[in-house]
There are 2 protein chains.
Amino acid sequence: MLTNAKLVHQPHDHERCISAALSRAKALCAEQNVRLTTTRELVLRLLWQSHQPLGAYQLQDQLAEHINKPVAPPTVYRALEFLLRLGLIHRIPSLNAYIGCPFPNNEHSNLFMICNQCGTAAEVADKAVNKLLQCVSDRSHFTLQSQSLELFGLCPQCSNITEAPGYD
Amino acid sequence: MLTNAKLVHQPHDHERCISAALSRAKALCAEQNVRLTTTRELVLRLLWQSHQPLGAYQLQDQLAEHINKPVAPPTVYRALEFLLRLGLIHRIPSLNAYIGCPFPNNEHSNLFMICNQCGTAAEVADKAVNKLLQCVSDRSHFTLQSQSLELFGLCPQCSNITEAPGYD
DNA sequence: GCATAAGGTGTTATAATATAACAATAATTG
DNA sequence: CAATTATTGTTATATTATAACACCTTATGC
């Protein structure tokens with residue numbers, strides 16, 4: 001099972017997450033012979049500022065603040081589209097939000113564990129999950145092409161807080 | 001594995017789907033002591049007119065046509081909210097669309113197989129899937145509360161058409 | 001039965017998310 | 001360096017969803 005769950009749910013050197021993501025992005029763009037322009041890189045950076053998915057309009061605000069001039073929605077959506085196409089980020093449909101992918105190029109499950117409390121989202125890639133869903137599809141003669149799997153609940157930290165005995 | 005896939009993907013007596021859904025709804029409302037008002041029942045009926053998820057604004061149009069007077073969005077969304085709360089319908093996040101639930105009251109997987117071609121969506125409830133996802137969550141100490149699983153691909157019918165040899 | 005409360009609907013306005021279309025600019029290629 | 005291609009800017013608008021408040025209908029207690 002490939003996952004960034006531990007990283008996401010514990011204090012860690014987040015600068016490393018960011019720089020790793022950026023160097024992966026640069027490598028991938030070079031390989032694919034496409035351009036990681038300033039805007040695209042900035043949007044990717046912004047998405048990697050935390051492990052919480054961000055909406056397009058949050059990105060718009062942050063981007064505008066960053067470059068110190070107004071940004072129109074298409075600018076953001078184009079960058080997102082580009083990053084999505086390369087697999088550098090994911091869209092989480094039930095949140096209308098976007099998040100950096102911690103392991104692009106790997107076999108994906110497109111599976112996220114999203115904390116209802118703190119909003120963090122950890123990604124999981126798991127062969128057993130993929131296999132089982134392939135099997136479910138096969139049984140119904142359904143030709144599986146892609147998937148989007150979202151688990152909602154409480155991350156370890158928020159679970160502990162919630163479960164802790166109160167003072168009542 | 002509990003699924004309506006065969007029904008969805010083959011010609012069938014759809015009137016039975018509709019009437020079954022309605023009687024389930026009536027039973028559930030009686031049991032829960034809530035009211036299946038005209039609007040709510042109509043929205044449920046409309047959702048059951050096919051096995052394709054419908055958007056809120058498609059429902060709005062159809063509803064307006066049906067009762068022969070304009071309908072405002074809140075009317076639709078209120079009915080949807082009610083039906084969702086009772087588990088009579090599901091929302092499919094990546095489509096922003098709604099669909100009738102073929103087996104409310106059962107253990108759910110919230111797993112849909114959605115045809116990219118014809119748009120039909122079959123639901124699957126599978127203990128193995130639930131168990132595996134529970135296990136994935138456990139391994140990360142994630143307290144699973146709910147899930148949304150969407151498989152995209154081709155239904156059996158559309159697979160056949162696509163795979164059939166062409167005339168080129 | 002009737003007053004009251006609770007639940008449901010109508011209506012208007014608006015928020016939040018996303019895309020279309022076209023002009024302008026920058027980068028790449030021959 | 002001209003021509004092509006890719007990218008960005010800009011304006012407008014589509015799509016999905018909700019807030020707020022007035023009004024009406026149904027259930028409930030007396």
Side-chain angles (χ1 to χ4, degrees), chain A residues 25-26 28-44 46-47 52-64 66-86 88-99 119 148 150, chain B residues 25-26 28-44 46-47 52-64 66-86 88-99 119 148 150:
Chain A
K26 279 171 187 163
L28 189 61
C29 287
E31 186 191 314
Q32 304 253 331
N33 206 33
V34 292
R35 279 154 49 200
L36 188 64
T37 60
T38 319
T39 310
R40 291 168 176 176
E41 181 173 338
L42 250 173
V43 168
L44 185 60
L46 289 171
L47 282 177
Q52 288 159 0
L54 286 182
Y57 285 77
Q58 289 176 279
L59 282 168
Q60 181 189 23
D61 291 346
Q62 296 189 18
L63 190 56
H66 227 270
I67 63 179
N68 220 37
K69 65 173 182 174
V71 166
T75 301
V76 177
Y77 280 102
R78 282 170 186 153
L80 290 173
E81 193 192 339
F82 173 85
L83 297 168
L84 283 169
R85 206 165 49 228
L86 284 183
L88 291 168
I89 64 171
H90 295 284
R91 181 174 189 270
I92 300 185
S94 46
L95 300 178
N96 294 325
Y98 305 82
I99 192 167
S148 168
E150 294 155 55
Chain B
K26 279 171 187 161
L28 190 61
C29 286
E31 186 191 312
Q32 304 253 331
N33 205 34
V34 293
R35 279 153 49 199
L36 189 65
T37 61
T38 319
T39 310
R40 291 168 176 177
E41 181 173 338
L42 250 172
V43 168
L44 185 59
L46 288 172
L47 281 177
Q52 288 159 0
L54 286 182
Y57 285 77
Q58 290 176 279
L59 282 168
Q60 180 189 24
D61 291 346
Q62 295 188 18
L63 190 56
H66 227 270
I67 64 179
N68 220 36
K69 64 172 182 172
V71 166
T75 302
V76 177
Y77 280 102
R78 282 167 185 156
L80 290 172
E81 193 192 340
F82 173 85
L83 296 168
L84 283 169
R85 206 165 49 228
L86 284 183
L88 291 168
I89 65 171
H90 294 284
R91 180 171 190 273
I92 300 186
S94 47
L95 301 177
N96 294 324
Y98 304 83
I99 193 167
S148 168
E150 294 155 55

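Letters A, B, ... are given to chains in the order of the sequence lines, protein chains preceding strands, and every chain is numbered from 1.
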Does [N] have OP1 or OP2 under 4.0 Å away from a side-chain N or O of [X]?
{"X": "B:Thr75", "N": "C:dG10", "value": "yes"}
{"X": "A:Arg40", "N": "D:dT8", "value": "yes"}
{"X": "A:Asn96", "N": "C:dA16", "value": "no"}
{"X": "A:Tyr77", "N": "C:dT19", "value": "no"}
{"X": "A:Thr39", "N": "D:dT7", "value": "no"}

Atom [atom1] of [X] and atom [atom2] of [N]: how far apart are they, to the nearest Å?
{"X": "B:Leu95", "N": "D:dT16", "atom1": "CG", "atom2": "P", "value": "10 Å"}
{"X": "B:Tyr98", "N": "D:dA17", "atom1": "OH", "atom2": "P", "value": "4 Å"}
{"X": "B:Gln58", "N": "D:dA14", "atom1": "CD", "atom2": "P", "value": "17 Å"}
{"X": "A:Phe82", "N": "C:dT19", "atom1": "CZ", "atom2": "P", "value": "18 Å"}
{"X": "B:Leu63", "N": "C:dT9", "atom1": "CG", "atom2": "P", "value": "11 Å"}
{"X": "A:Asp61", "N": "C:dT17", "atom1": "CG", "atom2": "C1'", "value": "13 Å"}
{"X": "B:Arg35", "N": "D:dT26", "atom1": "CZ", "atom2": "P", "value": "7 Å"}
{"X": "B:Glu81", "N": "D:dA17", "atom1": "CD", "atom2": "P", "value": "12 Å"}

(message) With the criterion set at under 5.5 Å between ring centres and under 30 degrees between planes, would D:dT15 be stacked on B:Tyr57?
(response)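 No; by the centre-distance and plane-angle rule, B:Tyr57 does not count as stacking on D:dT15.
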Smallest separation among heavy atoms of [X] and [Y], with atom names:
{"X": "A:Tyr98", "Y": "A:Leu47", "result": "O-CD2, 3.3 Å"}
{"X": "A:Gly55", "Y": "A:Ala97", "result": "N-CB, 4.1 Å"}
{"X": "B:Val76", "Y": "B:Gln60", "result": "CG2-CA, 3.7 Å"}

[X] side chain: which of [options] is closest?
{"X": "A:Ala72", "options": "C:dT12, C:dT9, D:dT11", "value": "D:dT11"}
{"X": "A:Arg91", "options": "D:dA19, D:dT11, C:dA18", "value": "C:dA18"}
{"X": "A:Pro73", "options": "D:dT18, C:dT19, D:dA27", "value": "C:dT19"}
{"X": "A:Arg78", "options": "C:dT12, D:dT8, C:dT9", "value": "D:dT8"}
{"X": "B:Lys69", "options": "C:dG10, C:dC22, C:dT17", "value": "C:dG10"}

(message) For the backbone of B:Arg35 and the side chain of B:Arg40, can you confirm whether one donor and one acceptor N or O come within less than 3.5 Å of each other?
(response)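 Pair found, side chain donor or acceptor close to backbone of B:Arg35.
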(message) Just verifying a value: how many Å separate B:Ile89 CD1 and B:Leu80 CG, rounded to the nearest 0.5 Å?
(response)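 One finds 4.5 Å between CD1 of B:Ile89 and CG of B:Leu80.
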